[in-house]
Number of protein chains: 2
Amino acid sequence: MWLRPERPPRDRRLEREQIVGVAVAILDAEGHQGLSMRRVAAELGVTAGALYWYVANKNEMLELALDAVLGEVQVPDPGMDWRAALAALAHSHRRMLLRHPWVLTDLSTQPNLGPNALALTEAGLAILAGAGFADADLDAALAAVNDHVIGAVAAELAWRATMRTAETGPGEWLEQAEGYLRRIRENHPMLARRMAATSDVDVHTESERRFAFALDCLLDGLAARLRRR
Amino acid sequence: MWLRPERPPRDRRLEREQIVGVAVAILDAEGHQGLSMRRVAAELGVTAGALYWYVANKNEMLELALDAVLGEVQVPDPGMDWRAALAALAHSHRRMLLRHPWVLTDLSTQPNLGPNALALTEAGLAILAGAGFADADLDAALAAVNDHVIGAVAAELAWRATMRTAETGPGEWLEQAEGYLRRIRENHPMLARRMAATSDVDVHTESERRFAFALDCLLDGLAARLRRR
DNA sequence: ACCTGAACACCGTTCAAGT
DNA sequence: ACCTGAACACCGTTCAAGT
């Protein structure tokens, strides 16, 4: 009887927080591919079925994970200039997405009504309303900035994915790519020039530059609409 | 011996085109969830293993599907004004993404160097180069427009996903949502106002309006940069 | 109330073996 | 050259049964 292990006490109970914490950690490390209910359960020292006591299904777990990381976005001080505030919000949003690249997939797939998501749009609306936007223009202005953030991050991730396939298997890949690239150069003169000029830039800093460029264009356009009223 | 079926002739052979065609059809109808190698194979009257003769793995099949639908985007006439041409390209791009919502997931995940993807960026570069953009600004300007397209579609799809969960299970969902929505109204005044004003708009037309709004802001910003040189 | 263990109906991928 | 059939190592989800 001394051999029989103690009955697991009450504090061994899971919490939703622990589950989403483990899920986010796995997603960060290995992406959606690495995430399985069985894996999360194992990491918590529990059977897969146990998770279904706390969560209806995998999709719901993803919704929770999504809102959890949305909480990492920093809302700027209310006293700031609207352009600076909006830019700060966009940059913080972008940095969060780059820390958790798996989120991008969920952002177009999952309904997104968690508390952190709502707080974030409230913050954005407040900034733009303070600047003078109202009604339908207010919605459109906020959407414009948000859309740019997630579009830009999607492009950066795709770029990185491309670089990754080019780096793994450098021997054979480069040989096969050789002929393909020559045809590109012949049929796509503009692209060829830009590829040559961009071949050895740092993906991260160049992505950041493009992000800031487009954001500035957008804010200029918004400011112009504001003056027109 | 008369009962023995005829040996399948040569034309029974698969082609990559058929495979991606079936894959795209399944993805359009049921999304990534419905796509499996076994399902594609079955639809072609063949075993799952047979696909691996034409395609290295599921991921490669997705790359092919991605480039296939990118071919649907219409490149505008070269004679057009650059703003009109760019807007036409963006709108056609957007419409394609809405026809094939599953593409959005791949756009941030898959390397994207297929022939149609390249032709599309070549077209975009040509338009912007014709307008007067060059060097790093050229890259950034095209990225700005592309990012807006995919960001806007991502937002529209997320909106639709949210509406879908609100519609299915109307009884219980609305009851539970009642308390949640009241807290939203209390803690998020701006959001509450916008939700009330937007509650009965058509998602599609409103998304289109926001898309055009942001695109116009962006093009204004780009035009301003052009005048400054 | 909370978890296990086993089961069900699936997956992607590999590979000998056939034709 | 092209495909089958079977196998391997996985999945998400359910649910009686335990404690």
Side-chain angles (χ1 to χ4, degrees), chain A residues 1 3-20 22-24 26-27 29-66 102 105-106 109-110 165 168-169, chain B residues 1 3-20 22-24 26-27 29-66 102 105-106 109-110 165 168-169:
Chain A
M1 87 94 98
L3 292 179
R4 190 176 37 136
E6 241 186 326
R7 171 97 75 81
R10 287 277 183 180
D11 62 35
R12 199 177 162 285
R13 243 181 240 158
L14 297 177
E15 307 259 350
R16 271 197 169 178
E17 265 191 42
Q18 304 178 41
I19 294 177
V20 297
V22 169
V24 167
I26 294 174
L27 287 164
E30 309 177 33
H32 274 100
Q33 224 191 57
L35 185 74
S36 72
M37 299 303 271
R38 289 170 145 97
R39 173 84 186 278
V40 172
E43 218 117 324
L44 289 165
V46 113
T47 308
L51 299 179
Y52 289 86
W53 183 262
Y54 300 92
V55 137
N57 47 42
K58 191 183 183 182
N59 229 354
E60 192 171 280
M61 193 174 76
L62 282 175
E63 281 186 64
L64 293 172
L66 169 55
W102 50 273
T105 306
D106 301 86
T109 289
Q110 300 286 348
T165 67
T168 58
Chain B
M1 87 95 95
L3 292 180
R4 190 175 37 136
E6 241 187 325
R7 171 95 76 80
R10 285 280 184 180
D11 63 34
R12 198 176 162 284
R13 241 182 241 160
L14 297 178
E15 309 259 350
R16 272 198 169 178
E17 263 190 43
Q18 304 177 41
I19 294 176
V20 297
V22 169
V24 167
I26 294 174
L27 286 165
E30 309 177 32
H32 274 101
Q33 223 191 60
L35 185 75
S36 72
M37 299 302 272
R38 289 172 146 97
R39 173 83 186 279
V40 172
E43 219 116 321
L44 290 165
V46 114
T47 309
L51 298 179
Y52 289 86
W53 183 262
Y54 300 91
V55 135
N57 47 41
K58 191 183 182 182
N59 229 354
E60 192 170 279
M61 193 173 77
L62 281 174
E63 282 186 63
L64 294 172
L66 169 55
W102 50 272
T105 306
D106 301 85
T109 289
Q110 300 284 349
T165 67
T168 57

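As a basis for the values below, the full set of heavy atoms in this structure was taken, side chains included, without hydrogen atoms, waters or symmetry mates. Proteins get letters first, then strands, A, B, ... in listed order; numbering begins at 1 in each.
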### Query
Can you tell me the Watson-Crick or wobble partner of C/dA7, both distances under 3.5 angstrom?
D/dT13

### Task
If D/dT19 has a Watson-Crick or G-U wobble mate with both distances under 3.5 Å, name it; if not, just say none.
C/dA1

### Summary
Rounding to 0.5 Å, atoms OG1 (B/T109) and NE2 (A/H32) come to a distance of 9.0 Å

### Task
Kindly say whether B/A50 contributes a backbone atom to a donor-acceptor pair with the side chain of B/T47 at under 3.5 angstrom?
no

### Message
Name the residue from A/V55, A/I26, A/V20 that meets the side-chain contact (heavy atoms from CB on, under 4.5 Å) definition with A/V40.
### Response
A/I26

### Query
Can you check whether B/W53 has a side-chain N or O nearer than 4.0 Å to OP1 or OP2 of D/dC2?
yes

### Task
Answer yes or no: does a side-chain N or O of A/T47 lie under 4.0 Å from OP1 or OP2 of C/dC3?
no

#### Entry: Rounded interatomic separation in angstrom, taking CG from A/L51 and P from D/dC11
13 Å

#### Entry: Spacing between A/Q33 atom CD and C/dC11 atom C1', to the nearest angstrom
13 Å

### Message
Between A/R16 and A/E60 (salt bridge meaning N to carboxylate O under 4.0 Å), is one present in this structure?
### Response
yes

#### Entry: Under-4.0 Å salt bridge between B/K58 and B/E63
no

Please produce a list of atom pairs where a protein N or O lies less than 3.5 Å from an N or O of nucleotides 13-16 of chain C.
unit_1, atom_1, unit_2, atom_2, d
C/dT13, OP2, B/Y52, OH, 2.7
C/dT13, OP2, B/K58, N, 2.8
C/dT13, O5', B/Y52, OH, 3.3

